[in-house]
Number of protein chains: 2
Amino acid sequence: MEKPHETDERVSQTDKAFEQAAEQPLDRRKTAILGTVVYEYIATGEPVGSATLTQKYNLGISPATVRAELASLDEEGYLDQPHTSAGRVPSDRGYRYYVDRLMLPETLTAQERERIRLEVNSASHQLDSIVDHASHVLSSLTRNIAFAIAPRLSTQVFRHIELIWLDDHAAHIVLVSNLGLAAQKTVNVQADLDAEALVHAANNFNQHLQGTALRDIDLEALQRLACQTPLPADLLRHIASILAEHSEAGIEGRLFSEGAHNLLDQQEFRDLRKLRAILDLLEEEQTLYQLLHRSLLAEGAKVSIGRELPTADMSECSVVTVPYKVGDSNAGAVGILGPRRMQYARLIALINCMADNLNALFHGDASSTPRE
Amino acid sequence: MEKPHETDERVSQTDKAFEQAAEQPLDRRKTAILGTVVYEYIATGEPVGSATLTQKYNLGISPATVRAELASLDEEGYLDQPHTSAGRVPSDRGYRYYVDRLMLPETLTAQERERIRLEVNSASHQLDSIVDHASHVLSSLTRNIAFAIAPRLSTQVFRHIELIWLDDHAAHIVLVSNLGLAAQKTVNVQADLDAEALVHAANNFNQHLQGTALRDIDLEALQRLACQTPLPADLLRHIASILAEHSEAGIEGRLFSEGAHNLLDQQEFRDLRKLRAILDLLEEEQTLYQLLHRSLLAEGAKVSIGRELPTADMSECSVVTVPYKVGDSNAGAVGILGPRRMQYARLIALINCMADNLNALFHGDASSTPRE
DNA sequence: CGTTGGCAATCGCGCATTGAGAGTGCTAAT
DNA sequence: ATTAGCACTCTCAATGCGCGATTGCCAACG
């Protein structure tokens, strides 16, 4: 079981410096009211008025007093009013205050934890599949969009390579790192491929590269090892590029996202143009990748709300991200994208659970039950 | 260049028998009017009235006469009227008549043909990637949903297998058929895996299964070959299941679909519930698979319109499918799903081009330029 | 002085009404 | 058989109205 404050600690506070006045804590009553408004709005999706607030929650004060406090919170920028005769809705700042200080950490059910564990471990040894499964299960559990990047290989170590002859101009390359299956690719080459030579070269690599960090293997290293074997130059280039694109921060084919159809259910996306904008963003991958990349720099789950996000198109969304480690350093990240009105506590619990599972998996300790 | 009637021949007429009266050709003038209405409606999306018809097209008759004919076509079931004071819209039967008899075959631009060719061949030797690319390029060119199944392996022949040791309880299996890379999978086993034994067993398989049809390799055959090697029973079962699930009509992991976001642009899906219904259908895969499977039974492109489709949810959609061959028999299929108001001629041309490319590819003649 | 009940004022939303426009079907004339 | 004319029907967008929800303010209260 998590202690009440653990989640707060694990939520990165790096953005706090940019928040103009969030460090000034609100007085006790304002705090209670703001928290209740955010909670109620997240639950119902309807703007919250003073009547609802006093009827559904036992605040011990009258609607009139609540109104005064609401007006004050509105003025200070924690709440918005869609229009004069409507209730209040949290602003970015209101959500931020709620996430940083008010919300109670949520605990997952055993089924949920188990489902995450199973899904992540079902694809063990296939890095791409793992993150694919990870985003799949997260999108299904949260009914939001989940996305993830496969781990960079920079910290991983060469264990095995296999070069499979397909025909005179094509070979299949399978690269295995210390963590399991790292990469695989079919490549076409100009020159004629000799099946024997492929086996021979693979043997050579396997003997001499054993234990080398993948980032240290470049084209020259490969050429040196293959100088006795009649291996086409472009095949070597392909192998080198597999290594490079996985240790560098290359995007292509490394980003997985899932669950776009979930947005259809969210009432905030009834407007098709907004929906379209988000889908285009997914297609482009650039923005999501940037978010995940940012998340690599710090520890723990990070929440980005509305205009804190890099794109104006996402100003009505929030994103929760968390990095995961391979060995001792962050190597990849997972994120959840949904409307600002999302269940932050639950999503943070889920994504932390996911990170724990991934961390355990990439420590070679795939079957252990992680914390909590 | 295609001759004017070629497309007609290539459109399978198998469903004709079920069409109650489509075989009765309409008279010349009705034909012209029906064709124009369908053409105009596909182009604009607006119900077509007698005025538009006489103004935009040179029919040589007055609006009043056109109205009489429209009323008659309406009565015979070729046209529908959204409401009394609107123009006419094609019914399923109207579209069917148009597709079977009226529409002019379309020719693709050189860019389009080249784009398909490049995309399909860019992933040569990786069966899954090929169909994935195929549906990707089709969805992008048509702005509809494209879907495809990877070829069954029943007609393919064993060429090579590789068993790669990952750790004591995991191995990566790569299966290569005469057509190139056929399947790959990472499996977990209970018993301890020995790296030497894996290499040995793979060698054994490679020697003795060379040239065997994949569908003829069952668990017993594998056991017989591996009896001298200490290979865990569940590893053999995994290998057998890879063979089985690809030669049988297994669904899982074999269906690729792409381009769901394109539906957002279609005005007929402004209603979110309809959109949702279609997305759920995609998720389930069952219906799409069934459509493709049906398509394997006949030759050439097949169009299914509205209620001709198996599900009521698709009654406002149409689907174009085409099988492709491996060797001499149909082994897979590609489809395009969109609103009934789709550019049938263009989609048929595109999908036929795709089938031609796939056919050429799976004849080992990957680089040749297929018939337009 | 903080809190509260009362109350007028404001605004969005749903609903009925209305008028314009588009298209039809009918009929009588050619 | 074809056509022009015309009354009719129906949708759609705009308009206006009343209801309900909520607020902000004020005066009274402890």
Side-chain angles (χ1 to χ4, degrees), chain A residues 26-34 36-41 43-91 94 267-268 270-272, chain B residues 26-34 36-41 43-91 94 267-268 270-271 341:
Chain A
L26 297 166
D27 71 52
R28 188 171 211 83
R29 199 169 65 185
K30 277 210 178 82
T31 294
I33 289 177
L34 175 57
T36 315
V37 169
V38 178
Y39 180 87
E40 173 74 8
Y41 182 66
T44 66
E46 300 294 322
V48 187
S50 57
T52 344
L53 231 37
T54 48
Q55 279 160 30
K56 288 180 75 167
Y57 302 91
N58 201 357
L59 297 174
I61 44 176
S62 78
T65 316
V66 172
R67 277 202 288 281
E69 295 288 38
L70 287 178
S72 166
L73 284 166
D74 197 336
E75 210 171 317
E76 296 168 62
Y78 293 98
L79 295 176
D80 282 339
Q81 211 169 1
H83 51 84
T84 338
S85 76
R88 299 312 210 289
V89 160
S91 66
Q267 64 190 68
E268 24 268 290
R270 250 183 252 151
D271 181 353
L272 283 188
Chain B
L26 297 167
D27 70 51
R28 187 171 212 82
R29 198 168 66 185
K30 276 210 177 85
T31 294
I33 289 177
L34 175 57
T36 315
V37 170
V38 178
Y39 180 86
E40 173 73 8
Y41 182 66
T44 66
E46 300 294 322
V48 187
S50 56
T52 341
L53 232 37
T54 47
Q55 277 160 31
K56 288 181 75 168
Y57 302 91
N58 201 358
L59 298 174
I61 45 179
S62 79
T65 316
V66 172
R67 278 202 288 281
E69 295 288 38
L70 287 178
S72 164
L73 284 166
D74 196 336
E75 209 170 319
E76 295 167 63
Y78 293 99
L79 295 177
D80 281 339
Q81 211 169 2
H83 52 82
T84 343
S85 77
R88 298 315 209 286
V89 160
S91 66
Q267 64 190 67
E268 24 269 290
R270 251 184 251 153
D271 181 354
R341 183 175 81 81

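All values below were derived from every heavy atom in this structure, side-chain atoms included, with hydrogens, water molecules and symmetry-related copies excluded. Source: prediction; values computed, not measured. The sequence lines fix the lettering, A, B, ..., with proteins before strands; numbering per chain opens at 1.
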Self-check item: Whole-Å distance separating the CD atom of B:Glu75 from the C1' atom of C:dG25
Solution: 12 Å
Quiz item: Is there a donor-acceptor contact under 3.5 Å linking the side chains of A:Glu69 and A:Thr65?
Solution: no
Practice problem: Return the 5'-most residue of the pair A:Asp74, B:Glu69 with respect to DNA chain D, ranking by each residue's nearest nucleotide. | Solution: B:Glu69
Quiz prompt | 5' priority, DNA chain C, between B:Gly87 and B:Ala64 [closest heavy atom] | solution = B:Gly87
Quiz item: How many Å lie between NZ on B:Lys30 and P on D:dA1, as a whole number?
Solution: 12 Å
Exercise. Write down the distance between CD1 (A:Ile61) and C1' (D:dG30), rounded to a whole number of angstrom.
Key: 17 Å
Quiz item: Does any N or O in the side chain of B:Ser50 come within less than 3.5 Å of the main-chain N or O of B:Arg67, such that one atom is a donor and the other an acceptor?
Solution: no
Practice problem: Report the distance from atom CZ of B:Arg29 to atom P of D:dT2, rounded to the nearest whole Å. | Solution: 4 Å
Self-check item: Touch class at under 4.0 angstrom, heavy-atom based, for B:Thr84 against every strand present
Solution: sugar-phosphate
Quiz item: Counting N and O atoms only, with roles assigned by atom type, does the side chain of A:Thr36 sit under 3.5 Å from a partner on the main chain of A:Ala32, one being a donor and the other an acceptor?
Solution: yes
Quiz item: Side chain of B:Arg67, base of D:dG5: donor and acceptor closer than 3.5 Å?
Solution: yes
Quiz item: At under 4.0 Å, does any side-chain N or O of B:Ser85 touch on OP1 or OP2 of D:dT9?
Solution: no
Practice problem: Round to the nearest Å and state the distance from A:Leu70 atom CG to D:dT23 atom P. | Solution: 6 Å
Practice problem: Respond yes when some side-chain nitrogen or oxygen of A:Arg88 is under 4.0 Å from OP1 or OP2 of D:dT23, and no when none is. | Solution: yes
Quiz item: Would you say a side-chain N or O of B:Ser50 is under 4.0 Å from OP1 or OP2 of C:dT24?
Solution: yes
Quiz item: Is the backbone of A:Asp80 close enough, under 3.5 Å, to the side chain of A:Ser91 for a donor and an acceptor to pair up by distance?
Solution: no
Self-check item: Which nucleotide in D:dA4, C:dT24, C:dG23 has an atom nearest any side-chain atom of B:Ser62
Solution: D:dA4
Exercise. Quickly work out the B:Leu59 CG to D:dA1 C1' distance and round it to whole Å.
Key: 17 Å
Self-check item: Rounded interatomic separation in angstrom, taking CG from B:Leu79 and P from C:dG23
Solution: 15 Å
Self-check item: Whole-Å gap separating P (D:dC12) and NE2 (B:His83)
Solution: 5 Å
Quiz item: Would you say the side-chain atoms of B:Thr52 pair up with the backbone N or O of B:Val48, donor to acceptor, closer than 3.5 Å?
Solution: no
